[in-house]
Chemist: 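One structure coming up, written as structure tokens, with questions to follow.
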Amino acid sequence: MDEARKAALDCRYARMALIWAENSYCERRKVGALVVKNNMIISDGYNGTPTGFENKCEDENNVSKPYVLHAEANAITKLARSSNSSDGATLYVTASPCIECAKLIIQSGIRKVVYTEQYRLTDGIDLLKRAGIEVVYLNIGN
């Protein structure tokens, strides 16, 4: 596949992650993630509370509850319950991963991360790069 086609697919999947973020019940920030392998979406996730919990991410002070899961964590743990493998896959996520999600990404075998919003902390991105994971920022006007 040529580079122009790869770049076009990256933009499409990144836009799909932005749409997937709309599923989040979080009010402060909605984040979506897709895991893609061999041009197929093998998992998805958005930030929110664990299965069976109330669909409210913030407390009465509008602070995120400590048990809210990030979109990347939801997508990766969803893979653990399927027959799919993330080894060699690409993660498309609407916000740059935090350090905790970066550790999960590294351990899951994902080889490329594409994100569309830069966060003020870069420790997650720095760790991914240190692990040899390809990291791509796409400014697609979200």
Side-chain angles (χ1 to χ4, degrees), residues 1 3 5-142:
M1 183 181 316
E3 291 305 311
R5 173 111 171 104
K6 286 180 187 177
L9 281 173
D10 280 349
C11 285
R12 282 189 201 113
Y13 285 125
R15 288 195 316 267
M16 290 171 73
L18 285 167
I19 291 168
W20 201 245
E22 295 172 15
N23 288 320
S24 174
Y25 290 94
C26 294
E27 294 177 22
R28 291 177 58 223
R29 170 184 267 174
K30 296 178 181 296
V31 180
L34 298 175
V35 181
V36 176
K37 186 173 179 179
N38 299 325
N39 294 324
M40 293 184 298
I41 297 169
I42 60 170
S43 190
D44 56 66
Y46 49 87
N47 57 328
T49 57
T51 302
F53 283 62
E54 74 289 348
N55 286 325
K56 183 140 177 58
C57 298
E58 294 84 12
D59 64 19
E60 61 279 349
N61 297 316
N62 202 33
V63 174
S64 291
K65 294 176 181 174
Y67 50 86
V68 168
L69 291 159
H70 290 185
E72 307 94 300
N74 265 328
I76 290 168
T77 56
K78 189 175 185 179
L79 274 168
R81 298 178 77 177
S82 76
S83 60
N84 288 315
S85 167
S86 54
D87 200 35
T90 298
L91 173 73
Y92 295 88
V93 62
T94 60
S96 58
C98 69
I99 190 117
E100 294 302 317
C101 287
K103 291 187 277 187
L104 291 174
I105 292 164
I106 293 164
Q107 291 300 99
S108 71
I110 289 170
R111 299 307 311 149
K112 180 178 176 182
V113 174
V114 178
Y115 66 100
T116 61
E117 179 188 344
Q118 297 191 49
Y119 190 61
R120 60 183 170 80
L121 300 176
T122 63
D123 52 355
I125 295 297
D126 297 340
L127 187 64
L128 292 172
K129 289 178 180 177
R130 181 176 171 194
I133 293 173
E134 181 182 356
V135 178
V136 177
Y137 167 65
L138 285 182
N139 184 355
I140 59 173
N142 46 330

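Each residue takes its place number in the sequence, starting with 1. Computed over heavy atoms, backbone and side chain alike; hydrogens, waters and symmetry mates excluded.
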Chemist: For a side-chain contact (heavy atoms from CB on, under 4.5 Å) check, start with the C-alpha distance between N39 and Y13, then their side-chain angles and the critical distance, and finish with the verdict.
Modeler: CA-CA 10 Å; N39 294 324; Y13 285 125; 4.1 Å; yes

Chemist: Is there a donor-acceptor pair under 3.5 Å between the side chain of D59 and the backbone N or O of N61?
Modeler: yes

Chemist: For the backbone of I76 and the side chain of S43, can you confirm whether one donor and one acceptor N or O come within less than 3.5 Å of each other?
Modeler: no

Chemist: Please examine the side chains of T77 and L69, heavy atoms only from C-beta on, and report whether any two atoms are closer than 4.5 Å.
Modeler: no

Chemist: For the atom pair OG (S64) and CZ (R28), what is the distance rounded to the nearest 0.5 Å?
Modeler: 4.0 Å

Chemist: Can L9 and K6 be said to form a side-chain contact (heavy atoms from CB on, under 4.5 Å), step by step?
Modeler: CA-CA 5 Å; L9 281 173; K6 286 180 187 177; 5.8 Å; no

Chemist: I'd like to know if the side chain of E72 and the backbone of V93 have a donor-acceptor N/O pair within less than 3.5 Å.
Modeler: no

Chemist: For the side chain of K37 and the backbone of S85, is there at least one donor-acceptor N/O pair under 3.5 Å apart?
Modeler: yes

Chemist: Got I19 and R15 here, is their nearest side-chain heavy-atom distance under 4.5 Å?
Modeler: no

Chemist: By side-chain contact (heavy atoms from CB on, under 4.5 Å), which residues pair with K30, not counting sequence neighbours?
Modeler: A21, S24

Chemist: Which pair of heavy atoms, one from A33 and one from W20, lies closest together, and at what distance?
Modeler: O-CD1, 4.1 Å

Chemist: The test is side-chain contact (heavy atoms from CB on, under 4.5 Å); show your working for Y92 and M16 and say whether it passes.
Modeler: CA-CA 9 Å; Y92 295 88; M16 290 171 73; over 6 Å; no

Chemist: I125 versus Y115: any side-chain heavy-atom pair under 4.5 Å?
Modeler: yes

Chemist: Got a sec, which pairs hit ring pair (Phe, Tyr, Trp, His ring centres under 6.0 Å) with one end in residues 56-87, sequence neighbours left out?
Modeler: F53-Y67

Chemist: Please round to the nearest 0.5 Å and tell me the distance separating atom CD1 of I105 and atom CZ of R111.
Modeler: 11.5 Å

Chemist: Looking only at non-hydrogen atoms, find the nearest pair between A73 and C101 and report the distance.
Modeler: N-SG, 4.2 Å

Chemist: In Å, rounded to the nearest 0.5 Å, how long is the span from CG of N74 to CG of L79?
Modeler: 11.5 Å

Chemist: When you measure from the side chain of N47 to the backbone N and O of R29, does any donor-acceptor pair fall under 3.5 Å?
Modeler: yes

Chemist: What's the spacing between D123 CG and I99 CD1 if we round to 0.5 Å?
Modeler: 4.5 Å

Chemist: If I take atom CG from residue N62 and atom CD from residue E27, how far apart are they, to the nearest 0.5 angstrom?
Modeler: 6.5 Å

Chemist: Would you name the heavy atoms of L121 and S96 that are closest together and state the gap between them?
Modeler: O-OG, 4.4 Å

Chemist: Other residues, nucleotides and ligands only: do more than 12 of their heavy atoms fall within 6.0 Å of CD on E58?
Modeler: yes

Chemist: Which heavy-atom pair separates S86 from V35 by the least distance, and what is that distance?
Modeler: CB-CG1, 4.5 Å

Chemist: How close do G45 and A75 get, counting heavy atoms only, and between which atoms?
Modeler: N-CB, 3.9 Å

Chemist: Out of the candidates L91, T90, L128, only one should pair with I133 under the side-chain contact (heavy atoms from CB on, under 4.5 Å) rule; please name it.
Modeler: L128

Chemist: So if I apply the side-chain contact (heavy atoms from CB on, under 4.5 Å) rule between V114 and each of D10, V36, T94, which one comes out positive?
Modeler: D10

Chemist: Hey, could you give me the CG/CG distance between N23 and N55, rounded to the nearest 0.5 Å?
Modeler: 11.0 Å

Chemist: Determine the minimum heavy-atom distance between C57 and Y25, stating which atoms define it.
Modeler: SG-C, 4.1 Å

Chemist: Do D44 and K78 make a side-chain contact, defined as non-hydrogen atoms from C-beta onward lying under 4.5 Å apart?
Modeler: yes

